[in-house]
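Shown next, in structure tokens, is the structure this report addresses.
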Amino acid sequence: MKKIVFESGQDEVKLVSAKNLDDLFDSLVTDIKYCVLADRKVLDMHNSLREQIKNRNFELYEISNPEEEKSIDSYTNIIDFLDSRSFKRSDCIVSLGGGAITDLAGFVSSTYMRGLNYVQIPTSLLAQVDASIGGKTAINYGKIKNFLGTFYNPSLIIISPEFLSTLNEQEYLNGFAEVIKHSLITSENAVDKLIERDEKIKNRDSETLLEIIEESIQIKASIVTEDFTEKGKRKFLNFGHTFAHGIESINLSQPILHGHAVIIGMMMALDYSKHLELIDIDVYEKSMKLLKSFNFDFSNIRLSSDEIIEAMKSDKKNTNTINLVLLKDIGSPYILEETNEERLASFIRNFIEHFEQ
Ligand code: NAD
């Protein structure tokens with residue numbers, strides 16, 4: 001078991017890897033109470049987990065529909081559950097699931113009695129490389145996603161690539177979009193390392209996955225440590241995301257996977273960087289090739305340029321500009337506060353017209 005300690009904001013977070021799911025809880029101290037908030041589907045797919053939880057006398061709270069249960073109702077049910085079992089601040093919550101449960105468990109941990117101990121076991125690739133890092137917690141409020149939240153770090157993150165064997169192909173790629181993003185905003189070396197391991201990634205080779213997850217975590221952790229509350233550099237993590245949010249918000253009736261919208265969003269950001277002559281053509285082509293080298297299925301994504309433009313305009317919040325993270329070079333993201341809405345709108349129309357789904 002390898003141990004890495006990294007900073008996230010002002011906190012120190014320990015990361016351990018468990019190659020074998022039988023070792024999953026070995027690094028937890030034994031003299032406190034634990035409540036595992038777990039994705040029922042993950043428990044059903046990985047047989048030994050319920051037994052391990054029972055043998056260790058941990059409390060277990062099962063969640064059947066993670067994104068639906070990232071809600072106020074479910075939050076209060078969990079608080080009641082913890083209270084009925086007399087959990088104290090010195091006790092500990094363990095999240096065991098994808099990003100939705102990571103967000104929910106983080107929100108519970110940061111607010112129950114003003115904060116109790118928190119350990120994460122992220123089980124989707126997206127949760128391992130993205131949602132578990134950076135301390136953002138959230139629940140949805142009505143139809144507004146992530147409306148309530150806090151910044152709160154776990155003390156320990158336990159990563160096992162074993163979990164990824166049961167993710168379906170598109171859920172796996174969903175997380176991979178963030179890995180690609182991290183490499184593009186970081187360095188040519190990070191991109192080359194991904195390209196070299198392309199086959200092993202596609203075959204979900206366990207050791208390669210662990211390396212990639214650790215590298216991706218280090219990238220995100222170093223950015224959020226410099227800028228925990230997103231006033232500067234952390235915004236680079238939004239590369240492709242302004243376009244992606246526009247796409248996601250016009251697909252709400254049949255929600256699409258975030259990572260798939262992010263891949264299209266990064267293609268749009270690269271194309272716009274080329275359009276504005278910010279990026280060299282060879283860098284553009286290399287980056288585009290990386291984005292196109294995995295089998296992302298975009299067939300169910302509705303792309304209507306006029307609606308995307310409207311959605312992006314209404315997402316401006318309190319500013320007069322549409323903020324876009326573009327790329328000048330691999331490893332050199334650039335924030336454009338776009339005021340020329342007509343120029344952007346005509347670019348989006350042209351991109352969508354030529355985009356092959
Ligand atoms: P999720 O938790 O809903 O999981 C997606 C699906 O994968 C679910 O059906 C889940 O049951 C299933 N699943 C999870 N692990 C599995 C496994 N090992 N095998 C088989 N199936 C498995 O969502 P997600 O895609 O992991 O993450 C998206 C959520 O994360 C969103 O709610 C998003 O807002 C949040 N998020 C948070 C941050 C952050 O910084 N806090 C960052 C990115 C995303």
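We count ligands from 1, going down the list as the structure has it; atoms in each ligand are counted the same way. Each residue takes its place number in the sequence, starting with 1.
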Using a strict cut-off of less than 4.0 Å between a Lys/Arg side-chain nitrogen and an Asp/Glu carboxylate oxygen, indicate whether Asp44 and Arg50 qualify as a salt bridge.
yes

Which of the ligand 1 atoms, numbered from 1, are nearer than 4.0 Å to a heavy atom of Asn174
25 (O)

Atoms of ligand 1 under 4.0 Å from any heavy atom of Lys136, numbered from 1 in the order shown, are 40 (O), 41 (N)

Distance-only side-chain donor-acceptor flag, Tyr118 / Asn153, under 3.5 Å:
no

Are the side chain of Glu337 and the backbone N or O of Asn323 linked by a donor-acceptor pair below 3.5 Å?
no

Taking heavy atoms and a distance under 4.0 Å, where does Val42 meet ligand 1: side chain, backbone, both or neither?
side chain

What about Asp103: any of its N or O atoms under 3.5 Å from an N or O on ligand 1?
yes

Do any N/O atoms on Gly99 end up under 3.5 angstrom from N/O atoms on ligand 1?
yes

Taking 4.0 Å as the limit for heavy-atom contacts, which would you say applies to Glu171 with ligand 1: side chain only, backbone only, both, or neither?
side chain

Provide, to 0.1 Å, the distance between atom 3 (O) of ligand 1 and the closest protein heavy atom, together with that atom's residue and name.
Ala100 CB, 3.8 Å

Tell me whether the rings of Tyr172 and Phe176 are parallel (<30°), tilted (30 to 60°) or perpendicular (>60°).
tilted

Among all protein heavy atoms in this structure, tell me which lies nearest to atom 39 (C) of ligand 1, with the distance rounded to 0.1 Å.
Ala131 CA, 3.6 Å

Closest to atom 4 (O) of ligand 1 among protein heavy atoms sits Gly98 CA, 4.2 Å

Sidechain N-carboxylate O distance under 4.0 Å for Lys202, Asp198
yes

Based purely on interatomic distance, does Phe163 place a nitrogen or oxygen under 3.5 Å from a nitrogen or oxygen of ligand 1?
yes

Please identify which atoms of ligand 1 are closer than 4.0 Å to at least one heavy atom of Met45.
19 (N), 20 (C)

Proximity of Phe228 and Phe151 rings by center, below 6.0 Å:
yes

Nearest protein heavy atom with distance in Å, relative to atom 15 (N) of ligand 1
Thr123 OG1, 2.8 Å

Basic-acidic side-chain contact under 4.0 Å: Arg197, Glu211:
yes

Among all protein heavy atoms in this structure, tell me which lies nearest to atom 43 (C) of ligand 1, with the distance rounded to 0.1 Å.
Asp130 OD2, 3.4 Å

Do any heavy atoms of Lys145 fall under 4.0 Å from ligand 1?
yes

Below the 3.5 angstrom mark, is there an N/O of Ala127, backbone or side chain, next to an N/O of ligand 1?
no

Are any of the side-chain nitrogens in Arg56 or Asp26 under 4.0 Å away from the carboxylate oxygens of its partner?
yes

Would you mind telling me if ligand 1 is within reach of the side chain of Glu178, the backbone, both or neither, using heavy atoms under 4.0 Å?
neither

Could you check, using the six-membered ring where one of them is a Trp, whether Phe87 and Phe81 have ring centers closer than 6.0 angstrom?
no

Can you tell me which residue and heavy atom of the protein come closest to atom 26 (O) of ligand 1, and the distance to 0.1 Å?
Ser124 OG, 2.5 Å

Have a look at ligand 1 and work out which part of Asn146, if any, has a heavy atom under 4.0 Å from it: side chain, backbone, both or neither.
side chain

Min side-chain heavy-atom separation Leu15-Val5 under 4.5 Å:
no

Min heavy-atom dist Lys220 to ligand 1 below 4.0 Å
yes

Hey, can you tell me if Phe347 and Tyr272 have their rings parallel, tilted or perpendicular (30° and 60° cut-offs)?
tilted

Is there a path of hydrophobic side-chain contacts, each under 4.5 Å between heavy atoms, that joins Ile247 and Leu237?
yes

In terms of atom number and element, which parts of ligand 1 are under 4.0 angstrom from non-hydrogen atoms of Lys70?
31 (C), 32 (O), 33 (C), 34 (O)

Side chains of Leu327 and Tyr334: does their closest heavy-atom pair fall under 4.5 Å?
no

Atom 11 (O) of ligand 1: closest protein heavy atom, distance to 0.1 Å, is Asp39 OD2, 2.6 Å

Are Phe58 and Phe25 an aromatic pair by the rule of ring centers under 6.0 Å?
yes

Have a look at ligand 1 and work out which part of Lys41, if any, has a heavy atom under 4.0 Å from it: side chain, backbone, both or neither.
side chain

Which protein non-hydrogen atom lies closest to atom 28 (C) of ligand 1, naming both residue and atom, and how far is it?
Leu126 CD2, 3.4 Å

Going by the atom numbers of ligand 1, which of them fall below 4.0 Å from some non-hydrogen atom of Thr166?
17 (C), 18 (N), 19 (N), 20 (C)

Region of Leu257 engaging ligand 1 - heavy atom pairs below 4.0 Å:
neither

Region of Leu167 that comes within reach of ligand 1 [heavy atoms, distance under 4.0 Å]:
both

May I ask you to decide if the ring planes of Phe107 and Tyr75 are parallel, tilted or perpendicular, using 30° and 60° as cut-offs?
tilted

Let me check something: do Ile279 and Leu326 share a hydrophobic cluster, defined by ILVMFWY side-chain heavy atoms less than 4.5 Å apart, either directly or through other members?
yes

Numbered atoms of ligand 1 (with element) below 4.0 Å of Glu67, judged on heavy atoms
31 (C), 32 (O)

